[in-house]
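Along the sequence shown, residues carry numbers from 1.
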Amino acid sequence: QVQLVESGGGPVQAGGSPRLSCIPSGFTSSRNCVGWFRQAPGKEREGVGALETGGGSTYYAGSMKGRFTISQDTAKDTLYLDMNNLKPEDTAMYYCAAEPGTWGAWCSTFGLTGSRYTYWGQGTQVTVSS
């Protein structure tokens with residue numbers, strides 16, 4: 001059973017650059033797709049980006065490019081979402097999600113589609129104040 005634990009959320013001043021962490025467990029393959037998503041109150045969930053754990057390739061939603069960076073530290077089995085120059089509209093619950101054992105173009109094709117993921121973390125709240 002795959003489990004995901006996010007951390008790093010909290011109150012942030014506008015312009016801040018926090019880092020969120022996602023620690024997955026239970027992977028039986030080195031090739032998995034892990035995505036970051038967010039959901040603001042009253043809004044639909046949106047994809048931020050995704051990372052292929054096997055090769056480290058990353059994929060981002062167009063609106064997220066430039067301010068959000070996904071990376072992994074394989075020694076720590078941890079994935080990160082670095083956020084830069086946050087704005088109040090970035091306030092949301094941030095989630096990581098995982099689809100284990102993905103091959104080929106799965107992550108590039110479905111990595112930003114939340115409904116394609118089987119496993120989700122509990123989320124971590126980021127609140128940006130102006």
Side-chain angles (χ1 to χ4, degrees):
Q1 183 79 1
V2 173
Q3 293 184 321
L4 303 152
V5 179
E6 303 99 330
S7 61
V12 182
Q13 290 284 330
S17 300
R19 162 178 272 192
L20 305 184
S21 299
C22 172
I23 301 178
S25 60
F27 284 152
T28 58
S29 169
S30 61
R31 300 175 67 101
N32 314 280
C33 185
V34 177
W36 281 98
F37 295 82
R38 69 182 187 182
Q39 188 165 21
K43 294 188 177 181
E44 292 188 357
R45 182 177 60 199
E46 63 177 334
V48 175
L51 179 145
E52 292 178 333
T53 62
S57 296
T58 52
Y59 311 94
Y60 296 95
S63 61
M64 308 295 175
K65 286 182 179 179
R67 288 198 303 127
F68 294 81
T69 303
I70 299 172
S71 62
Q72 65 176 345
D73 184 333
T74 55
K76 296 182 179 179
D77 289 331
T78 302
L79 291 96
Y80 301 103
L81 175 63
D82 287 297
M83 304 184 286
N84 294 313
N85 190 25
L86 286 187
K87 307 170 185 178
E89 51 264 42
D90 293 313
T91 293
M93 186 73 82
Y94 285 76
Y95 300 89
C96 64
E99 188 60 26
T102 55
W103 292 84
W106 196 98
C107 207
S108 62
T109 303
F110 303 118
L112 296 175
T113 306
S115 61
R116 300 297 297 224
Y117 286 87
T118 303
Y119 300 99
W120 289 80
Q122 81 289 349
T124 186
Q125 176 70 36
V126 176
T127 302
V128 185
S129 59
S130 57

With heavy-atom distances below 4.5 Å as the criterion, would you say the side chains of [X] and [Y] are in contact?
{"X": "Val12", "Y": "Val126", "result": "yes"}
{"X": "Glu52", "Y": "Tyr59", "result": "yes"}
{"X": "Ser71", "Y": "Asp82", "result": "yes"}
{"X": "Leu20", "Y": "Met83", "result": "yes"}

### Message
Could you work out, with side-chain hydrogen bond (donor to acceptor under 3.5 Å, both in side chains) as the rule, every residue matching Asn85, not counting sequence neighbours?
### Response
none

### Task
Just jot down the side-chain hydrogen bond (donor to acceptor under 3.5 Å, both in side chains) partners of Thr118, sequence neighbours excluded, or say none.
Glu99

Under a 3.5 Å distance rule, please check whether [X] uses its side chain to pair with a backbone N or O of [Y] as donor and acceptor.
{"X": "Ser29", "Y": "Gly101", "answer": "no"}
{"X": "Glu6", "Y": "Cys96", "answer": "yes"}
{"X": "Thr53", "Y": "Ser30", "answer": "yes"}
{"X": "Thr91", "Y": "Val128", "answer": "yes"}

Tell me the closest heavy-atom pair linking [X] and [Y], and the distance in Å.
{"X": "Tyr80", "Y": "Trp36", "answer": "O-NE1, 3.7 Å"}
{"X": "Leu4", "Y": "Cys22", "answer": "CD2-SG, 3.9 Å"}
{"X": "Ala98", "Y": "Val2", "answer": "CB-CG1, 4.4 Å"}
{"X": "Gln39", "Y": "Lys43", "answer": "NE2-O, 3.1 Å"}

### Message
When you group the ILVMFWY residues by side-chain heavy-atom contacts below 4.5 Å and let the links chain together, are Leu79 and Tyr119 in the same group?
### Response
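Tyr119 and Leu79: one cluster.
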
### Query
Going hydrophobic residue to hydrophobic residue with side-chain gaps under 4.5 angstrom, can you get from Ile70 over to Met64?
yes

### Query
Less than 4.0 Å between a side-chain N and a carboxylate O, is that true for Arg38 and Glu46?
yes

### Query
What do you reckon, is CD of Glu44 surrounded by more than 12 foreign heavy atoms closer than 6.0 Å?
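12 or below, so no.
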
### Query
Hey, is CD on Gln122 packed in by over 12 heavy atoms from elsewhere, all under 6.0 Å?
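Count over threshold, so yes.
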
### Message
Please determine whether side chain to side chain contact (heavy atoms under 4.5 Å, CB included) holds for the pair Gln72 and Val34, giving the CA-CA distance in whole Å, both sets of side-chain angles, and the decisive distance to 0.1 Å.
### Response
CA-CA 10 Å; Gln72 65 176 345; Val34 177; over 6 Å; no

### Task
Check the angle between the aromatic planes of Tyr94 and Phe68 and answer parallel, tilted or perpendicular using the 30° and 60° thresholds.
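Ring orientation of Tyr94 relative to Phe68: parallel.
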
### Summary
Partner of Tyr117 under ring pair (Phe, Tyr, Trp, His ring centres under 6.0 Å), picked from Phe110, Tyr95, Phe37, is Phe37

### Task
Mind jotting down which residue pairs meet the disulfide bond (SG atoms under 2.5 Å apart) criterion with at least one end in residues 33-69? Sequence neighbours excluded, please.
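Listed once each, the pairs are Cys33-Cys107.
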
